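This one's a predicted model, so the numbers in the text were calculated from it and none came from an experiment.
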Amino acid sequence: MATPVTVEFLEFPAFVTPPSSTKPYFLGGAGVRGLNIEGEFVKFTGIGVYLEEKAVAWLGSKWKGKSAAELVESLEFYRDIIKGPFEKFIRGSKVRTLEGPEYVRKVSENCVNFMKSDGNYGEAEEKAIEEFRYAFKDQHFPPGSTVFYRQSPTGTLGLSFSKDETIPENEYAVIENKALSEAVLETMIGEIPVSPALKESLATRFYEFLKEDNSKTE
């Protein structure tokens with residue numbers, strides 16, 4: 001059973017309902033994103049990843065019985081979350097003030113670097129990155145404000161913005177590009193993650209989810 005998580009002063013509830021759905025998604029994991037600046041770890045964002053309920057059974061068919069440590073160490077486990085046939089809804093709430101262009105510059109750089117390394121960066125992806133950056137050009141994110149990402153298995157990336165943790169009824173922008181949609185989450189929990197704490201949270205919580213799911217079926 002999913003439980004809430006606190007990251008700094010940010011509360012991530014156990015369940016949320018995205019703009020695209022009438023069904024609640026459960027909190028897979030949450031953690032802080034930061035950078036080491038002049039020897040100090042500076043925290044910028046708290047990130048929570050929510051998933052459709054069917055994600056547990058789908059991931060369980062492959063990963064049930066693995067230890068939390070094995071999940072943490074397996075890049076394939078995280079890639080299965082990123083590419084799995086279920087929607088992901090990502091909440092990124094700011095710990096400190098960031099301007100939209102400043103925020104999106106770093107996020108888009110990370111996405112472009114990954115797509116190029118993965119051999120998935122062409123004209124369509126370049127255009128999608130332009131749309132992505134444009135969506136943030138007038139945004140201002142004080143502490144507590146939030147960017148929401150909806151990543152669909154068909155390749156849709158939905159963007160929403162809020163001055164707190166409230167989920168808007170309608171999305172601000174929708175970008176149709178599978179490589180970019182997956183790259184956003186890849187940069188958070190993939191091989192070079194911006195939030196190792198989020199990766200660990202996902203692995204330890206999924207270990208418990210899968211163990212609980214297994215007990216129900218025995």
A.B. asks: Holding to salt bridge (charged side-chain N to carboxylate O under 4.0 Å, His left out), I want the full list of residues that pass it with Glu8, two or more places apart in sequence or in another chain.
C.D. replies: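 Only Lys43 meet the salt bridge (charged side-chain N to carboxylate O under 4.0 Å, His left out) criterion with Glu8.
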A.B. asks: Quick check against the 3.5 Å criterion: does Thr146 have a side-chain atom that pairs as donor or acceptor with the backbone of Asp164?
C.D. replies: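 Confirmed, Thr146 side chain pairs with Asp164 backbone.
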A.B. asks: Restricting to side chain to side chain donor-acceptor pair (under 3.5 Å), what partner residues turn up for Ser201, sequence neighbours left out?
C.D. replies: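 Checked Ser201 against side chain to side chain donor-acceptor pair (under 3.5 Å); zero matches.
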A.B. asks: Scan residues 190-199 for pairs that pass salt bridge (Lys or Arg N to Asp or Glu O under 4.0 Å), counting only residues two or more places apart or in two chains.
C.D. replies: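 Non-adjacent pairs meeting salt bridge (Lys or Arg N to Asp or Glu O under 4.0 Å): zero.
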A.B. asks: Using the salt bridge (Lys or Arg N to Asp or Glu O under 4.0 Å) rule, collect all pairs that involve residues 141-155, keeping only residues at least two apart or in two chains.
C.D. replies: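 Of all non-adjacent pairs touching residues 141-155, those that pass salt bridge (Lys or Arg N to Asp or Glu O under 4.0 Å) are Glu87-Arg150, Arg150-Glu171.
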A.B. asks: Using the salt bridge (charged side-chain N to carboxylate O under 4.0 Å, His left out) criterion, which residues pair with Glu76? Sequence neighbours excluded.
C.D. replies: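 Glu76 satisfies salt bridge (charged side-chain N to carboxylate O under 4.0 Å, His left out) with Lys62 only.
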A.B. asks: One pair to check against side chain to side chain contact (heavy atoms under 4.5 Å, CB included): Lys94 and Ser145. What are the steps and the verdict?
C.D. replies: CA-CA 6 Å; Lys94 305 298 169 271; Ser145 61; 3.8 Å; yes
A.B. asks: Got a sec, which residues hit salt bridge (charged side-chain N to carboxylate O under 4.0 Å, His left out) with Arg79, two or more places apart in sequence or on another chain?
C.D. replies: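 Listed in chain order: Glu186.
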A.B. asks: Give the other cluster members for Leu75, using side-chain heavy-atom distances under 4.5 Å between Ile, Leu, Val, Met, Phe, Trp and Tyr residues; answer none if it is isolated.
C.D. replies: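 In the cluster with Leu75 there is nothing else; it is isolated.
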A.B. asks: Give the minimum heavy-atom separation between Ala135 and Ala173, together with the two atoms involved.
C.D. replies: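 Minimum heavy-atom contact is CB-CB, 4.2 Å.
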A.B. asks: Please tell me if the side chains of Val72 and Tyr207 come closer than 4.5 Å, counting only heavy atoms from C-beta onward.
C.D. replies: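 Result no, sub-4.5 Å side-chain heavy-atom pair not found.
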A.B. asks: Holding to side chain to side chain donor-acceptor pair (under 3.5 Å), I want the full list of residues that pass it with Glu125, two or more places apart in sequence or in another chain.
C.D. replies: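 Here the qualifying residues are Asn177.
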A.B. asks: Suppose we screen for salt bridge (charged side-chain N to carboxylate O under 4.0 Å, His left out). Which residues come up paired with Glu182, at least two apart in sequence or across chains?
C.D. replies: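 Glu182 satisfies salt bridge (charged side-chain N to carboxylate O under 4.0 Å, His left out) with Lys83, Lys178 only.
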A.B. asks: Are more than 12 heavy atoms from other residues, nucleotides or ligands located less than 6.0 Å from atom OH of Tyr134?
C.D. replies: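 No - once you tally the heavy atoms of other residues, nucleotides and ligands closer than 6.0 Å, there are 12 at most.
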A.B. asks: Test of understanding: with side chain to side chain donor-acceptor pair (under 3.5 Å), list the residues that count as partners of Ser108, not counting sequence neighbours.
C.D. replies: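 Scan of Ser108 (side chain to side chain donor-acceptor pair (under 3.5 Å), adjacent residues dropped) gives Arg133.
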A.B. asks: Less than 6.0 angstrom from the centroid, inside 45 degrees of the normal: does Lys211 satisfy that with respect to the ring of Phe209?
C.D. replies: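 Verdict for Phe209: no cation-pi partner in Lys211.
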A.B. asks: Please list, chain by chain and in numerical order, all residues satisfying side chain to side chain donor-acceptor pair (under 3.5 Å) with Asn170, sequence neighbours excluded.
C.D. replies: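 With neighbours one apart ignored, the set is empty.
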A.B. asks: Apart from Tyr50 itself, which Ile, Leu, Val, Met, Phe, Trp or Tyr residues share its cluster (side-chain heavy atoms under 4.5 Å, direct or through members)?
C.D. replies: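 Its cluster partners, ordered by chain and number, are Val5, Val7, Phe9, Leu10, Phe12, Val16, Tyr25, Leu27, Val32, Phe41, Phe89, Val95, Phe148, Ile167.
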